Amino acid sequence: MNIQIAVKDRILELCSSRKITVNKLGTICGITQSTLKNIVSGRNGATVLTVKKICDGLDMTIVDFFDTEEFKSLEQEIE
């Protein structure tokens, strides 16, 4: 698994746990639908700014966003 997939999975997990759609997340966080759809579909990765906006909109810290087993178990990516 890579970071792009882990971020996508985390966004979907947060939406599911809060019972909101990805579109609603965009509205809450001030992120365009197209940006979130591209991240969730795997076309684009999320920028740090996008992750920060998600965290701010969901009233969580960046540490909370990345504090999952999925992120902890990521292998180093060198390309």
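All values derive from a computational prediction rather than experimental measurement.
- The OG atom of Ser34 sits 9.0 Å away from the CG atom of Asn44 when rounded to the nearest 0.5 Å.
- Between the side chain of Gln33 and the backbone N or O of Gly26, no donor-acceptor pair lies under 3.5 Å.
- No donor-acceptor distance shorter than 3.5 angstrom exists from the side chain of Thr35 to the backbone of Ile31, with no hydrogens or angles considered.
- Taking CE of Met1 as the start and CD of Glu70 as the end, the distance is 4.0 Å to the nearest 0.5 Å.
- In terms of heavy atoms, Lys8 sits closest to Val40 at CD-O, 2.9 Å.
- Ring pair Phe66/Phe71 is perpendicular by interplanar angle, where above 60° counts as perpendicular and below 30° as parallel.
- Considering every non-hydrogen atom in both Thr61 and Cys55, the closest pair reads O-SG, 3.7 Å.
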Q.
For a side-chain contact (heavy atoms from CB on, under 4.5 Å) check, start with the C-alpha distance between Met60 and Leu14, then their side-chain angles and the critical distance, and finish with the verdict.
A. CA-CA 11 Å; Met60 65 189 305; Leu14 289 168; 4.0 Å; yes
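- With values rounded to the nearest 0.5 angstrom, Asp9 atom CG is found 8.5 Å from Glu13 atom CD.
- Between Ile62 and Lys52, the shortest heavy-atom contact is CD1-CD, 3.7 Å.
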*Please step through side-chain contact (heavy atoms from CB on, under 4.5 Å) for the pair Val48 and Val51, ending with a clear verdict.*
CA-CA 5 Å; Val48 174; Val51 173; 5.7 Å; no
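- In plain terms, the two heavy atoms of Arg43 and Lys37 that are nearest each other are NH2-O, 4.5 Å.
- A distance of 6.0 Å separates NZ in Lys24 from OG1 in Thr27, rounded to the nearest 0.5 Å.
- Taken from CD1 in Ile11 to CD1 in Ile39, the straight-line distance is 5.0 Å, to the nearest 0.5 Å.
- Closest approach of Cys29 and Ile54 over heavy atoms only: SG-CA, 3.6 Å.
- No more than 12 heavy atoms of other residues, nucleotides or ligands lie within 6.0 Å of NZ in Lys19, so this atom counts as exposed by the packing criterion.
- Between the side chain of Arg18 and the main chain of Leu58, a donor-acceptor pair closer than 3.5 Å is present.
- Here Arg10 contributes atom CZ and Ser17 contributes atom OG; the two are 7.5 Å apart, rounded to the nearest 0.5 Å.
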message = If you apply the rule side-chain contact (heavy atoms from CB on, under 4.5 Å), what do you find for Leu25 with Thr21, and how did you get there?
response = CA-CA 6 Å; Leu25 176 66; Thr21 64; over 6 Å; no
